[in-house]
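Everything numeric in this text was worked out from a predicted model, so none of it was measured.
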Amino acid sequence: MKENILSFVSGAIFAVGLGIGGMLEPARVVGFLDFFGTWDPTLAFVMAGGLAVNVFAYHVLTKKREVPAFSTRFHLPSRRDLTLRLVLGSAIFGVGWALAGYCPGPAITTVATTTLDAFAFVGAMAVGMVTWSLFENWQSSASS
Amino acid sequence: MQLAEFDFISALFGGALLGLSAAILMFFNGRIAGVSGVFGQMLVGREIPWRASWIGGLLVGGFASIAVAPELFGAPVQQSFVLLLLAGFLVGLGTRIGSGCTSGHGICGLARFSLRSLVATLSFIGAGAITVVVARSIGWLP
(Lines give C-alpha, C1' and ligand atoms only; values in the text may rest on other atoms or scores of the structure.)
Protein backbone atom coordinates (compact mmCIF):
# COMPACT_ATOMS: atom_id res chain seq x y z
CA MET A 1 0.00 0.00 0.00
CA LYS A 2 2.75 2.44 0.98
CA GLU A 3 4.48 1.54 -2.26
CA ASN A 4 1.42 2.38 -4.36
CA ILE A 5 0.83 5.68 -2.57
CA LEU A 6 4.44 6.74 -3.16
CA SER A 7 4.07 5.64 -6.75
CA PHE A 8 0.99 7.80 -7.18
CA VAL A 9 2.70 10.83 -5.59
CA SER A 10 5.72 10.35 -7.85
CA GLY A 11 3.45 10.19 -10.93
CA ALA A 12 1.58 13.35 -9.93
CA ILE A 13 4.85 15.28 -9.36
CA PHE A 14 6.05 14.04 -12.74
CA ALA A 15 2.97 15.44 -14.52
CA VAL A 16 3.31 18.82 -12.77
CA GLY A 17 7.00 18.94 -13.66
CA LEU A 18 6.20 18.27 -17.30
CA GLY A 19 3.68 21.13 -17.30
CA ILE A 20 5.91 23.68 -15.57
CA GLY A 21 8.82 22.67 -17.78
CA GLY A 22 6.81 23.39 -20.94
CA MET A 23 6.93 19.75 -22.01
CA LEU A 24 3.15 19.59 -22.55
CA GLU A 25 3.62 21.97 -25.50
CA PRO A 26 4.39 19.79 -28.53
CA ALA A 27 5.63 22.87 -30.43
CA ARG A 28 8.45 23.28 -27.88
CA VAL A 29 9.47 19.65 -28.17
CA VAL A 30 9.51 19.74 -31.97
CA GLY A 31 11.33 23.09 -31.61
CA PHE A 32 14.03 21.39 -29.53
CA LEU A 33 14.57 18.88 -32.34
CA ASP A 34 14.67 21.71 -34.89
CA PHE A 35 18.43 22.28 -34.70
CA PHE A 36 18.55 23.58 -38.27
CA GLY A 37 15.66 26.04 -37.88
CA THR A 38 14.57 28.10 -34.87
CA TRP A 39 15.95 26.04 -32.00
CA ASP A 40 14.04 25.90 -28.71
CA PRO A 41 16.44 24.93 -25.87
CA THR A 42 13.65 24.37 -23.28
CA LEU A 43 13.98 20.57 -23.27
CA ALA A 44 17.72 20.79 -22.66
CA PHE A 45 17.11 22.88 -19.51
CA VAL A 46 14.38 20.49 -18.36
CA MET A 47 16.79 17.59 -18.75
CA ALA A 48 19.54 19.51 -16.96
CA GLY A 49 17.23 20.28 -14.02
CA GLY A 50 16.09 16.65 -13.85
CA LEU A 51 19.62 15.30 -14.02
CA ALA A 52 20.94 17.69 -11.37
CA VAL A 53 18.38 16.48 -8.84
CA ASN A 54 18.47 12.83 -9.84
CA VAL A 55 22.27 12.52 -10.02
CA PHE A 56 22.47 13.83 -6.47
CA ALA A 57 19.57 11.69 -5.24
CA TYR A 58 20.86 8.51 -6.87
CA HIS A 59 24.56 8.74 -6.09
CA VAL A 60 24.39 10.43 -2.68
CA LEU A 61 21.16 9.06 -1.17
CA THR A 62 19.85 5.97 -2.94
CA LYS A 63 23.11 4.17 -3.70
CA LYS A 64 24.03 4.09 0.01
CA ARG A 65 21.11 1.79 0.69
CA GLU A 66 21.08 -1.99 0.41
CA VAL A 67 17.35 -2.00 -0.41
CA PRO A 68 14.76 0.69 -1.18
CA ALA A 69 12.86 2.18 1.77
CA PHE A 70 9.53 0.47 0.93
CA SER A 71 10.59 -2.47 -1.21
CA THR A 72 12.79 -5.56 -1.15
CA ARG A 73 15.22 -4.72 -3.94
CA PHE A 74 16.28 -2.19 -6.57
CA HIS A 75 15.01 -3.07 -10.04
CA LEU A 76 17.84 -1.86 -12.25
CA PRO A 77 18.76 -2.99 -15.76
CA SER A 78 21.66 -5.47 -15.78
CA ARG A 79 22.53 -5.08 -19.46
CA ARG A 80 25.66 -3.12 -20.34
CA ASP A 81 26.09 -4.05 -24.00
CA LEU A 82 25.42 -1.61 -26.82
CA THR A 83 23.16 -3.31 -29.34
CA LEU A 84 21.69 -2.53 -32.72
CA ARG A 85 18.31 -3.12 -31.12
CA LEU A 86 18.93 -0.29 -28.63
CA VAL A 87 20.01 2.15 -31.34
CA LEU A 88 17.33 1.26 -33.91
CA GLY A 89 14.50 1.11 -31.37
CA SER A 90 15.47 4.51 -30.01
CA ALA A 91 15.67 5.89 -33.56
CA ILE A 92 12.15 4.60 -34.35
CA PHE A 93 10.98 6.34 -31.18
CA GLY A 94 12.76 9.53 -32.29
CA VAL A 95 10.91 9.55 -35.62
CA GLY A 96 7.50 9.27 -33.93
CA TRP A 97 8.50 11.78 -31.26
CA ALA A 98 9.42 14.39 -33.86
CA LEU A 99 6.26 13.84 -35.95
CA ALA A 100 3.93 14.78 -33.08
CA GLY A 101 6.02 16.36 -30.32
CA TYR A 102 4.85 13.83 -27.74
CA CYS A 103 6.94 11.29 -25.90
CA PRO A 104 5.10 8.82 -23.63
CA GLY A 105 4.95 11.00 -20.45
CA PRO A 106 3.47 14.16 -22.00
CA ALA A 107 1.17 12.02 -24.18
CA ILE A 108 -0.40 10.22 -21.20
CA THR A 109 -0.62 13.45 -19.16
CA THR A 110 -2.37 15.15 -22.10
CA VAL A 111 -5.12 12.50 -21.97
CA ALA A 112 -6.41 14.67 -19.09
CA THR A 113 -7.48 17.21 -21.74
CA THR A 114 -9.89 14.51 -23.03
CA THR A 115 -9.22 15.57 -26.62
CA LEU A 116 -9.54 13.07 -29.47
CA ASP A 117 -5.91 13.73 -30.48
CA ALA A 118 -4.62 12.73 -27.04
CA PHE A 119 -6.67 9.52 -26.87
CA ALA A 120 -5.72 8.62 -30.43
CA PHE A 121 -2.00 9.15 -29.84
CA VAL A 122 -1.94 7.16 -26.58
CA GLY A 123 -4.11 4.45 -28.14
CA ALA A 124 -1.74 4.09 -31.09
CA MET A 125 1.22 4.15 -28.68
CA ALA A 126 -0.35 1.33 -26.63
CA VAL A 127 -0.85 -0.68 -29.82
CA GLY A 128 2.82 -0.17 -30.71
CA MET A 129 3.93 -1.28 -27.24
CA VAL A 130 1.73 -4.37 -27.14
CA THR A 131 2.73 -5.27 -30.71
CA TRP A 132 6.36 -5.50 -29.62
CA SER A 133 5.49 -7.53 -26.50
CA LEU A 134 3.49 -9.99 -28.61
CA PHE A 135 6.35 -10.26 -31.09
CA GLU A 136 8.81 -10.94 -28.25
CA ASN A 137 6.54 -13.63 -26.78
CA TRP A 138 6.14 -15.25 -30.16
CA GLN A 139 9.90 -15.09 -30.75
CA SER A 140 10.77 -16.65 -27.40
CA SER A 141 8.18 -19.44 -27.78
CA ALA A 142 9.39 -20.12 -31.34
CA SER A 143 13.01 -20.48 -30.22
CA SER A 144 12.32 -22.71 -27.21
CA MET B 1 20.64 28.75 -36.10
CA GLN B 2 18.10 31.02 -34.44
CA LEU B 3 16.87 30.67 -30.87
CA ALA B 4 13.21 30.50 -29.92
CA GLU B 5 11.91 32.45 -26.93
CA PHE B 6 12.05 30.33 -23.83
CA ASP B 7 11.95 30.53 -20.03
CA PHE B 8 14.94 28.66 -18.66
CA ILE B 9 13.95 29.10 -15.01
CA SER B 10 10.59 27.34 -15.48
CA ALA B 11 12.35 24.70 -17.57
CA LEU B 12 14.97 24.04 -14.87
CA PHE B 13 12.32 24.00 -12.14
CA GLY B 14 10.00 21.69 -14.10
CA GLY B 15 12.96 19.45 -14.82
CA ALA B 16 13.91 19.42 -11.14
CA LEU B 17 10.41 18.14 -10.34
CA LEU B 18 10.90 15.33 -12.87
CA GLY B 19 14.17 14.51 -11.13
CA LEU B 20 12.43 14.58 -7.74
CA SER B 21 9.69 12.28 -9.03
CA ALA B 22 12.28 9.80 -10.34
CA ALA B 23 14.30 10.04 -7.12
CA ILE B 24 11.22 9.27 -4.98
CA LEU B 25 10.31 6.22 -7.06
CA MET B 26 13.86 4.83 -6.92
CA PHE B 27 14.58 5.65 -3.26
CA PHE B 28 11.32 4.27 -1.84
CA ASN B 29 10.23 1.65 -4.36
CA GLY B 30 13.44 0.77 -6.18
CA ARG B 31 11.82 1.46 -9.55
CA ILE B 32 12.82 3.44 -12.61
CA ALA B 33 10.48 6.32 -13.51
CA GLY B 34 10.46 5.49 -17.20
CA VAL B 35 7.06 6.18 -18.67
CA SER B 36 7.32 3.74 -21.59
CA GLY B 37 8.47 0.93 -19.31
CA VAL B 38 5.83 1.55 -16.65
CA PHE B 39 2.99 1.93 -19.16
CA GLY B 40 4.13 -0.82 -21.53
CA GLN B 41 4.59 -3.40 -18.77
CA MET B 42 1.25 -2.42 -17.22
CA LEU B 43 -0.48 -3.02 -20.56
CA VAL B 44 0.75 -6.62 -20.66
CA GLY B 45 -0.29 -7.24 -17.05
CA ARG B 46 3.05 -7.20 -15.20
CA GLU B 47 2.83 -5.91 -11.60
CA ILE B 48 -0.14 -3.71 -12.31
CA PRO B 49 -0.83 -2.01 -8.90
CA TRP B 50 2.24 0.22 -8.55
CA ARG B 51 2.33 0.88 -12.28
CA ALA B 52 -1.37 1.83 -12.45
CA SER B 53 -0.83 4.05 -9.38
CA TRP B 54 2.01 5.88 -11.12
CA ILE B 55 0.05 6.33 -14.37
CA GLY B 56 -2.94 7.42 -12.25
CA GLY B 57 -0.70 10.03 -10.64
CA LEU B 58 0.28 11.31 -14.08
CA LEU B 59 -3.39 11.66 -15.05
CA VAL B 60 -4.41 13.31 -11.77
CA GLY B 61 -1.46 15.69 -12.15
CA GLY B 62 -2.76 16.38 -15.66
CA PHE B 63 -6.29 17.09 -14.45
CA ALA B 64 -4.95 19.35 -11.67
CA SER B 65 -2.89 21.24 -14.26
CA ILE B 66 -5.96 21.78 -16.43
CA ALA B 67 -7.86 23.13 -13.42
CA VAL B 68 -5.07 25.49 -12.32
CA ALA B 69 -3.16 26.36 -15.48
CA PRO B 70 -4.80 25.07 -18.68
CA GLU B 71 -2.37 27.17 -20.77
CA LEU B 72 0.37 24.64 -19.93
CA PHE B 73 -1.15 22.33 -22.54
CA GLY B 74 -0.01 23.48 -25.98
CA ALA B 75 -1.91 22.90 -29.21
CA PRO B 76 -1.04 19.77 -31.21
CA VAL B 77 1.60 20.32 -33.89
CA GLN B 78 0.69 17.40 -36.14
CA GLN B 79 -2.33 18.39 -38.24
CA SER B 80 -2.86 15.05 -39.98
CA PHE B 81 -4.79 12.50 -37.94
CA VAL B 82 -3.19 9.62 -39.84
CA LEU B 83 0.32 10.91 -39.13
CA LEU B 84 -0.62 11.45 -35.48
CA LEU B 85 -1.60 7.77 -35.25
CA LEU B 86 1.59 6.75 -37.05
CA ALA B 87 3.64 8.88 -34.64
CA GLY B 88 1.96 7.30 -31.62
CA PHE B 89 2.54 3.80 -32.98
CA LEU B 90 6.24 4.50 -33.65
CA VAL B 91 6.69 6.01 -30.17
CA GLY B 92 5.13 2.92 -28.59
CA LEU B 93 7.01 0.42 -30.73
CA GLY B 94 10.37 2.22 -30.62
CA THR B 95 10.42 2.81 -26.88
CA ARG B 96 9.79 -0.89 -26.20
CA ILE B 97 12.39 -2.02 -28.72
CA GLY B 98 14.90 0.55 -27.41
CA SER B 99 14.05 -0.23 -23.74
CA GLY B 100 13.10 3.32 -22.77
CA CYS B 101 12.08 6.85 -23.61
CA THR B 102 12.99 10.41 -22.66
CA SER B 103 12.36 9.76 -18.97
CA GLY B 104 13.77 6.25 -18.54
CA HIS B 105 16.91 6.83 -20.60
CA GLY B 106 17.15 10.63 -20.57
CA ILE B 107 16.60 11.32 -16.88
CA CYS B 108 16.97 8.02 -14.98
CA GLY B 109 19.59 6.24 -17.10
CA LEU B 110 21.81 9.26 -17.66
CA ALA B 111 21.67 10.04 -13.93
CA ARG B 112 23.07 6.53 -13.27
CA PHE B 113 25.78 7.29 -15.88
CA SER B 114 24.53 4.43 -18.06
CA LEU B 115 26.33 4.21 -21.41
CA ARG B 116 23.34 2.40 -22.94
CA SER B 117 21.07 5.29 -21.97
CA LEU B 118 23.52 7.83 -23.41
CA VAL B 119 23.58 5.96 -26.72
CA ALA B 120 19.76 5.65 -26.74
CA THR B 121 19.32 9.35 -25.92
CA LEU B 122 21.67 10.43 -28.70
CA SER B 123 19.88 8.06 -31.07
CA PHE B 124 16.36 9.36 -30.44
CA ILE B 125 17.41 13.01 -30.44
CA GLY B 126 19.44 12.47 -33.63
CA ALA B 127 16.62 10.58 -35.38
CA GLY B 128 14.16 13.25 -34.20
CA ALA B 129 16.30 16.08 -35.57
CA ILE B 130 16.60 14.38 -38.97
CA THR B 131 12.85 13.65 -38.96
CA VAL B 132 11.98 17.32 -38.39
CA VAL B 133 14.06 18.35 -41.42
CA VAL B 134 12.68 15.60 -43.67
CA ALA B 135 9.07 15.94 -42.47
CA ARG B 136 9.13 19.71 -43.08
CA SER B 137 10.48 19.27 -46.58
CA ILE B 138 7.76 16.78 -47.59
CA GLY B 139 4.96 18.66 -45.82
CA TRP B 140 4.45 16.19 -42.96
CA LEU B 141 5.10 18.95 -40.39
CA PRO B 142 4.08 22.62 -40.65
Side-chain angles (χ1 to χ4, degrees), chain A residues 3-4 6-8 10-17 19-21 24-26 30-31 33-35 38 40 42 45-46 49-50 53-55 57-58 62 68-71 74 87 89-101 103-105 108-109 112 117 121 124-125 128-129 132-133, chain B residues 1-2 4 6 8 11-12 14-19 21-30 35-36 40 44 49-50 53-54 57-58 60-63 65 72-74 76-78 85 87-98 101-103 107 111 120 123-124 127-129 131-132:
Chain A
E3 215 180 330
N4 293 337
L6 255 291
S7 204
F8 176 84
S10 165
I13 294 173
F14 198 94
V16 173
I20 292 175
L24 300 176
E25 298 175 57
V30 174
L33 295 170
D34 195 6
F35 293 99
T38 305
D40 188 324
T42 306
F45 282 94
V46 170
V53 171
N54 208 23
V55 163
Y58 183 73
T62 305
F70 291 168
S71 177
F74 289 107
V87 175
S90 298
I92 291 170
F93 160 45
V95 172
W97 188 34
L99 282 178
C103 50
I108 292 171
T109 306
D117 275 14
F121 186 92
M125 184 174 89
M129 288 175 165
W132 181 252
S133 291
Chain B
M1 185 171 77
Q2 290 179 309
F6 70 105
F8 77 93
L12 282 173
L17 288 178
L18 299 182
S21 159
I24 288 173
L25 202 64
M26 183 54 71
F27 184 86
F28 290 98
N29 293 2
V35 181
S36 60
V44 292
W50 79 266
S53 304
W54 201 70
L58 272 184
V60 169
F63 283 115
S65 303
L72 293 178
F73 292 87
V77 170
Q78 183 50 259
L85 290 175
F89 181 79
L90 293 177
V91 167
L93 186 71
T95 50
R96 296 310 290 147
I97 297 176
C101 59
T102 346
S103 50
I107 290 186
S123 180
F124 58 67
T131 303
V132 168

Please state whether the rings of B:Phe8 and A:Phe45 are parallel, tilted or perpendicular, taking 30° and 60° as the class boundaries.
tilted
Minimum heavy-atom distance A:Phe70-A:Glu3, with the two atoms named:
O-OE1, 4.0 Å
Option that, when pairs with chain B are counted at under 4.5 Å, heavy atom only, ranks first among A:Pro68, A:Gly105, A:Ser71, A:Gly101
A:Pro68
Answer key: most heavy-atom pairs under 4.5 Å with chain B among A:Ala112, A:Gly21, A:Ala91, A:Ala100 is A:Ala112
Heaviest contributor of heavy-atom pairs below 4.5 Å to chain A, chosen from B:Gly98, B:Gly19, B:Ser21, B:Ser65, is B:Ser21
I'd like to check B:Leu25 versus A:Phe14 (side-chain heavy atoms, cut-off strictly below 4.5 Å). Are they in contact?
no
Is there side-chain contact between B:Phe28 and A:Ser7, with heavy atoms separated by less than 4.5 Å?
no
Is the shortest heavy-atom distance from the side chain of B:Val132 to the side chain of A:Val30 under 4.5 Å?
yes
Looking only at B:Gly61, B:Ala87, B:Gly62, most heavy-atom pairs under 4.5 Å shared with chain A are made by B:Ala87
Quick one: of B:Gly14, B:Gly57, B:Ser103, who has the most non-hydrogen atom pairs under 4.5 Å with chain A?
B:Gly57
Side-chain heavy-atom pair A:Leu33, B:Thr131 within 4.5 angstrom cut-off
no
Taking every heavy atom of A:Met129 against every heavy atom of B:Thr95, the minimum-distance pair comes out as CE-OG1, 3.8 Å
Rounded to the nearest 0.5 Å, the SG atom of A:Cys103 sits from the CZ atom of A:Phe93 at a distance of 5.0 Å
Counting heavy-atom pairs under 4.5 Å with chain B, which one of A:Ala98, A:Ser133, A:Gly50 comes out on top?
A:Gly50
With only heavy atoms counted, which part of B:Val91 is less than 4.5 Å from chain A, the side chain, the backbone, both or neither?
both
Winner by heavy-atom pair count (cut-off under 4.5 Å) against chain A, out of B:Leu72, B:Val60, B:Val44:
B:Leu72
Between A:Tyr58 and chain B, with a heavy-atom cut-off of 4.5 Å, which part of the residue counts as in contact: side chain, backbone, both or neither?
side chain
Determine the option with the most heavy-atom pairs under 4.5 angstrom with chain A, choosing from B:Ser53, B:Pro49, B:Ala127.
B:Ser53
Residue among B:Asn29, B:Val77, B:Leu93 with most heavy-atom pairs under 4.5 Å to chain A
B:Asn29
I need the residue from A:Val53, A:Asn54, A:Ile92 with the largest number of non-hydrogen atom pairs under 4.5 Å to chain B.
A:Asn54
